[in-house]
Amino acid sequence: MSSIIELKNVCKSFGDIEVLHNIDLSVQEGEVVVVIGPSGSGKSTLIRCINCLELISSGELIVDGIRIPAEKRKIRQIRLEVGMVFQQFNLFPHLTALDNVAFGPSKARKMSKSKATDIARDLLEKVGLAAFENKRPDQLSGGQQQRVAIARALAVSPKVLLFDEPTSALDPEMIGEVLDVMQNIAKDSGMTMVVVTHEMGFASQVGDRLIFMDEGLIVEEGKPGEVMKNPGSDRLKEFLGHVKHH
Amino acid sequence: MGFEFSVITESLPALLAGAKLTWIITILGIVGGMACGILAGLGRIAGTEALGEKPHGIYKPLTVLIRYISSGYVETIRGTPIIVQAMFLYFAFPMLVKAVFDIERFRIEALTAAVITIIFNAGAYIAEIVRGAVISVDKGLLEAGMSLGISRFQLIVHVIGPIAFRRMIPPLGNQFIISLKDTSLFIVIGVGELTRQGQEIMASNFRALEIWLTVAVMYLIMTTVLAMTLRHIERKMEIF
């Protein structure tokens with residue numbers, strides 16, 4: 001197995017505040033890594049660094065063979081291979097569901113309109129929203145919007161998908177439909193995924209590896225079932241106690 | 001001296017000719033002002049996160065320069081009266097050119113001066129409208145676009161542009177109407193637009209009531225056409 005994402009001694013600061021301290025992490029192709037941790041632990045910053053929405057302050061990031069900071073000019077190439085799903089969905093409000101999904105193929109991959117639309121239709125069907133292709137985001141529920149957003153990220157056929165708390169802004173009854181879609185992507189396509197979430201059920205069922213972050217450090221990692229059963233640190237024990245009550 | 005309807009019918013051809021000129025200056029001003037405004041508006045936020053990622057390397061000082069030039073333009077125009085701008089362009093600028101380049105005969109037609117003035121004047125205000133709309137676009141949408149791997153140009157044209165434009169329509173309507181009415185100030189450089197036509201007729205027959213009433217109604221009709229056009233576009237685009 002070869003690693004598709006590698007972070008070597010990565011630090012990230014915002015002004016004087018360092019939010020990631022000397023992170024070393026490598027993600028294998030096809031692996032599903034679940035990142036958990038309290039708010040402010042740096043987990044969102046970590047995945048935002050992977051597709052360069054935040055530039056690392058020091059250390060080295062290698063994504064699909066592209067080295068950052070040495071090859072800063074190739075950031076767009078990294079993004080073509082690394083899709084992202086956001087907590088707030090961030091669908092383009094002026095476009096229909098279909099056009100949102102077709103946006104990447106036609107603009108980023110420069111495909112013809114008809115080819116991009118075909119891809120978009122297929123993906124909307126995959127996420128169970130074929131009937132909603134002409135709806136605009138404000139006409140869809142939160143769960144539906146997030147499924148469209150997942151389809152949009154998939155449409156440029158990336159090698160990696162990043163999920164930044166994809167269910168945190170959803171009503172409880174809509175969380176399941178989004179997690180189901182994510183699980184299907186992991187199982188069917190063998191997509192490499194890095195998922196920041198508090199959904200422990202998803203972590204144990206779908207995750208190959210669980211990472212617990214606290215105060216900008218990776219405190220623990222391992223097989224999700226084992227880490228959850230036998231947390232090595234008091235900090236993780238306490239955190240798991242909190243999330244289990246939800 | 002009662003209200004004489006015949007005064008209106010007699011002066012109508014001249015007033016309509018003036019209205020036509022007002023309309024032409026306004027349309028040219030709106031089209032040119034939009035171009036100026038979009039350039040200067042984007043220029044004022046060049047290199048900031050409102051237009052995607054901050055630039056690196058040599059682009060950084062370039063964007064600083066662009067910001068300074070754009071801001072200088074906007075503040076100069078906003079900070080001086082449009083009458084002074086028109087007078088300067090029509091009377092003073094040719095003298096400046098003559099002095100600096102030692103040219104014997106250099107002059108700008110009154111109409112040309114009027115059109116240039118209204119373009120640059122409207123452009124400065126439209127720049128602020130553009131800037132305001134662009135910085136109001138949710139940053140998450142920019143990140144969504146960037147994370148798909150599109151270029152900055154594509155981000156501006158396909159994401160920021162359409163979303164910002166919808167929000168620009170109400171304040172643009174305001175500015176278009178203001179620009180139309182501002183053309184009446186070109187009376188000072190002798191452009192035969194509607195207000196000047198009215199003034200000239202009035203000076204010969206002293207029928208203030210009939211003439212200024214007709215002139216006012218003509219302005220009202222033109223501003224109404226502008227407002228209704230904007231409303232139509234607004235409805236078609238469904239503002240978010």
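Chain naming here is simple, since letters A, B, ... match the order of the sequence lines and numbering starts at 1 in each. Every heavy atom of this structure was used, including side-chain atoms; hydrogens, water molecules and symmetry mates were not.
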Item to complete: Dump the intermediate steps for side chain to side chain contact (heavy atoms under 4.5 Å, CB included) on A:Met84 and B:Glu143, then the final yes or no.
Response: CA-CA 9 Å; A:Met84 191 168 212; B:Glu143 290 186 344; over 6 Å; no
Practice prompt. Evaluate the criterion side chain to side chain contact (heavy atoms under 4.5 Å, CB included) for residue pair A:Leu55 and B:His56; output intermediate values, then yes/no.
Written response: CA-CA 12 Å; A:Leu55 275 181; B:His56 305 285; 3.6 Å; yes
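Across all non-hydrogen atoms, the minimal contact from B:Ala144 to A:Arg152 is CB-NH2, 3.4 Å. Taking every heavy atom of both residues into account, A:Pro93 and B:Ile163 meet most closely at CD-CD1, 3.7 Å. Heavy-atom minimum distance, A:Val156 versus B:Leu148: CG1-O, 4.3 Å. Residues B:His158 and A:His94 come closest through the heavy atom pair O-NE2, 3.2 Å.
With a 4.5 angstrom heavy-atom cutoff, B:Gln154 touches chain A only via side-chain atoms. Heavy-atom distances place no part of A:Val85 under 4.5 Å from chain B, backbone and side chain included. Residue A:Phe89: no heavy atom, backbone or side chain, is found under 4.5 Å from chain B.
No donor-acceptor pair under 3.5 Å is formed between the side chain of A:Asn51 and the backbone N or O of B:Ser147.
For the pair A:Arg79 and B:Glu53, the salt-bridge criterion is met [side-chain N within less than 4.0 Å of a carboxylate O].
Note that CG of B:Leu141 and CD of A:Gln88 are 11.0 Å apart. Values are rounded to the nearest 0.5 Å.
Surrounding OH of B:Tyr73 are more than 12 heavy atoms belonging to other residues, nucleotides or ligands, all under 6.0 Å away.
With respect to chain A, the highest number of heavy-atom pairs below 4.5 Å among B:Ile150, B:Asp138, B:Leu142 belongs to B:Ile150.
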